[in-house]
Amino acid sequence: MNSSDNAPEGVRPRPVVDRLPKYAAGKPPVAIEGLTSYKLSSNENPLPPIPAVLQAIADQSDINRYPDPLSTKLRTALADFLGVPADDVVTGAGSLGALNQILATFAGQNHDGKADEVIYAWRSFEAYPICVGLAGAESIQIPLLSDGRHDLEAMAAAVTVRTKVILLCTPNNPTGPILTAEETERFIQSVPAGVVVVIDEAYQEFVRNEKAVDGIKLYRKYPNVVVLRTFSKAHGLAGLRVGYSVSGPDLTQHLRVTATPFAVSQIAERAAITSLENFDQVVERVQSLVDERDRVTVGLRELGWFVPEAQGNFVWLNLGENSAEFAGLAGERALSVRAFGNEGVRVSIGEVEANTRFLELCASYTKAPQPS
């Protein structure tokens, strides 16, 4: 049934609404008697923000006032942290909010009434097709390679005169591999300078591959590059919704026009600044999760499972038609994981006990994916 079927007579949504996929957030675990439940379905940081951030949140008392629409203090802090001009930073409600601002600015209906095109790998972040469709643009989805990596050659070949934005997700969510610096720069050089290339680095702090791209370095070299980052993952501020984009003045002058006013609350801004001021503590927590990710990855491979390169805070199981079955078995063990249709299962790195229980499930499961 279409959403318009329930609308009052005469009221209809935009046609695109009925064509958009529904965003499926990770579900909480089912309570199982005798077991502690763990949510491994949303790529959340299982650790709370550092103590100084919690205190900063508790001390915030001016929430009766509107926040600074430009997030000036946070942009200044990010400028110092990243070594970029503050004017090159545009904040948003998480990196997703920042992405919506980019798409609203550069992709939509063209002057001839036809849709602009946005190219991205698939499967990738499931909000991409929703955001692109709502912007009025057309999604051009390029299948991943068999190892879960972007097929950059095919993505470059898909560029047309209608291509306005390309989204590169690194590490790719949900499969895990990174894009290397070398291949990403070669890709940027192969596409027209008038196409905006977005490097989505939501999990950048978890990356340990020395060959991985650093979006900030490329934004300094290429005026059409935009970097997306967030405080949701490594900093543990997912519920406060604070992210940002970094790009040169040729782009930010337009992004500021479409930026949602007051998208970042003063609570979120103060929390993010405090987390940056104590980044050494954030790094310690992130490293503990990276250690767990590596333990899980090694454990899976020792069990004979094929696991793509895992550089985020999650692992990908290419279970195909067995995805729903595996997710159901995890639920029986008080673990919620994220099944993507008949494609595979993404499992976030959680508490130590949760990760161990997940490995125990994999040890007993007889349909482990193998390299294709």
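Note that this is a predicted model, so its numbers are computed, not measured.
- When only modelled atom types and interatomic distance are considered, Tyr365 and Glu360 share no side-chain donor-acceptor pair under 3.5 Å.
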Between Tyr120 and Ile142, does the side chain to side chain contact (heavy atoms under 4.5 Å, CB included) criterion hold? Intermediate values first, please. CA-CA 6 Å; Tyr120 52 89; Ile142 306 302; over 6 Å; no
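- Looking at Arg229 and Asp214, a side-chain N of the basic residue comes within less than 4.0 Å of a carboxylate O on the acidic one, giving a salt bridge.
- Hydrophobic clustering of Ile, Leu, Val, Met, Phe, Trp and Tyr side chains at less than 4.5 Å, counting indirect connections, keeps Val226 apart from Ile188.
- Under a 3.5 Å cut-off, the side chain of Thr180 and the backbone N or O of Ala212 do not form any donor-acceptor pair.
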So Lys233 and Glu205, side chain to side chain contact (heavy atoms under 4.5 Å, CB included) or not? Walk me through it. CA-CA 9 Å; Lys233 309 301 181 181; Glu205 294 89 348; 5.6 Å; no
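- For the residue pair Asp68 / Gln266, no side-chain donor-acceptor distance below 3.5 Å is found, with atom types taken as modelled.
- A donor-acceptor contact shorter than 3.5 Å is absent between the side chain of Asp116 and the backbone of Ala137.
- Looking only at atom types and distance, the side chain of Arg256 has no donor-acceptor partner in the side chain of Thr252 under 3.5 Å away.
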Pair Lys39, Glu44 - check salt bridge (charged side-chain N to carboxylate O under 4.0 Å, His left out), show working. CA-CA 9 Å; Lys39 185 182 179 187; Glu44 296 160 331; 3.3 Å; yes
Let me see the working for Glu351 and Tyr38 under side-chain hydrogen bond (donor to acceptor under 3.5 Å, both in side chains), right down to the final yes or no. CA-CA 8 Å; Glu351 295 83 349; Tyr38 294 104; 5.8 Å; no
Residue pair Arg75, Thr72: steps toward the side chain to side chain contact (heavy atoms under 4.5 Å, CB included) verdict: CA-CA 5 Å; Arg75 290 191 302 109; Thr72 304; 4.0 Å; yes
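- Judged by distance alone, with hydrogens and angles left aside, the side-chain atoms of Gln370 form a donor-acceptor pair with the main-chain N or O of Gly304 at under 3.5 Å.
- Of the candidates Asn172, Thr230, Thr170, Asn43, Tyr203 forms a side-chain hydrogen bond (donor to acceptor under 3.5 Å, both in side chains) with just one, namely Asn43.
- With Ser71 contributing its side chain and Leu74 its backbone, the two residues share no donor-acceptor pair below 3.5 Å.
- The backbone N or O of Gly312 lies less than 3.5 Å from a partner atom in the side chain of Arg293, making a donor-acceptor pair.
- Under the 4.5 Å side-chain heavy-atom criterion for ILVMFWY residues, a single connected hydrophobic cluster contains both Ile130 and Leu228.
- By the criterion of side-chain heavy atoms lying less than 4.5 angstrom apart, applied directly or through intervening Ile, Leu, Val, Met, Phe, Trp or Tyr residues, Val246 is not grouped with Leu255; the two fall into different hydrophobic clusters.
- Judged as a side chain to side chain contact (heavy atoms under 4.5 Å, CB included), and not counting sequence neighbours, the contacts of Ile267 are Ile57, Gln60, Ile63, Leu240, Ser265.
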Could you go step by step and tell me if Glu185 and Tyr222 meet the side-chain hydrogen bond (donor to acceptor under 3.5 Å, both in side chains) rule? CA-CA 9 Å; Glu185 184 160 16; Tyr222 300 98; 2.6 Å; yes
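- A side chain to side chain donor-acceptor pair (under 3.5 Å) check over residues 238-249, counting only residues at least two apart or in different chains, returns the pairs Ser232-Arg241.
- For Arg295 and Thr356, the side-chain atoms include at least one donor-acceptor pair closer than 3.5 Å.
- Checked against Leu168 for a side-chain contact (heavy atoms from CB on, under 4.5 Å), the options Leu152, Asp200, Val198, Val213 give a single hit: Leu152.
- A donor-acceptor contact shorter than 3.5 Å links the side chain of Trp305 to the backbone of Cys362.
- By the rule that hydrophobic residues join a cluster once side-chain heavy atoms approach within less than 4.5 Å of another member, Val347 and Ile349 end up as members of one cluster.
- Donor-acceptor pairing under 3.5 Å is recorded for the side chains of Thr160 and Glu117.
- A donor-acceptor pair under 3.5 Å links the side-chain atoms of Asn224 to the main chain of Val195, judged by distance alone.
- Looking at Asn342 and Glu321, their side chains never bring a donor and an acceptor atom within 3.5 Å of each other.
- Cation-pi contact between Arg208 and Phe206: absent, since separation from the ring centre below 6.0 Å together with deviation from the ring axis within 45° is not met.
- Separation of the Phe187 and His150 ring centroids does not fall under the 6.0 Å cut-off.
- At least one donor-acceptor pair closer than 3.5 Å links the side chain of Ser348 to the backbone N or O of Leu40.
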Decide yes or no on side-chain hydrogen bond (donor to acceptor under 3.5 Å, both in side chains) for Asn173 and Arg346, but give the supporting numbers first. CA-CA 9 Å; Asn173 174 22; Arg346 187 193 67 198; 2.9 Å; yes
Does His235 form a side-chain hydrogen bond (donor to acceptor under 3.5 Å, both in side chains) with Ser275? I'd like the steps, not just the answer. CA-CA 7 Å; His235 295 266; Ser275 202; 2.7 Å; yes
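- Taking a cutoff of 4.0 Å between a charged side-chain nitrogen and a carboxylate oxygen, Glu343 and Arg123 qualify as a salt bridge.
- Within 6.0 Å of OH on Tyr66 lie no more than 12 heavy atoms contributed by other residues, nucleotides or ligands.
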So Phe358 and Arg333, side chain to side chain contact (heavy atoms under 4.5 Å, CB included) or not? Walk me through it. CA-CA 9 Å; Phe358 164 60; Arg333 290 160 174 78; over 6 Å; no
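- Taken together through direct or relayed side-chain contacts under 4.5 Å among Ile, Leu, Val, Met, Phe, Trp and Tyr, Phe279 and Val207 form parts of separate hydrophobic clusters.
- Heavy atoms of other residues, nucleotides or ligands lying less than 6.0 angstrom from CD of Gln287 number more than 12.
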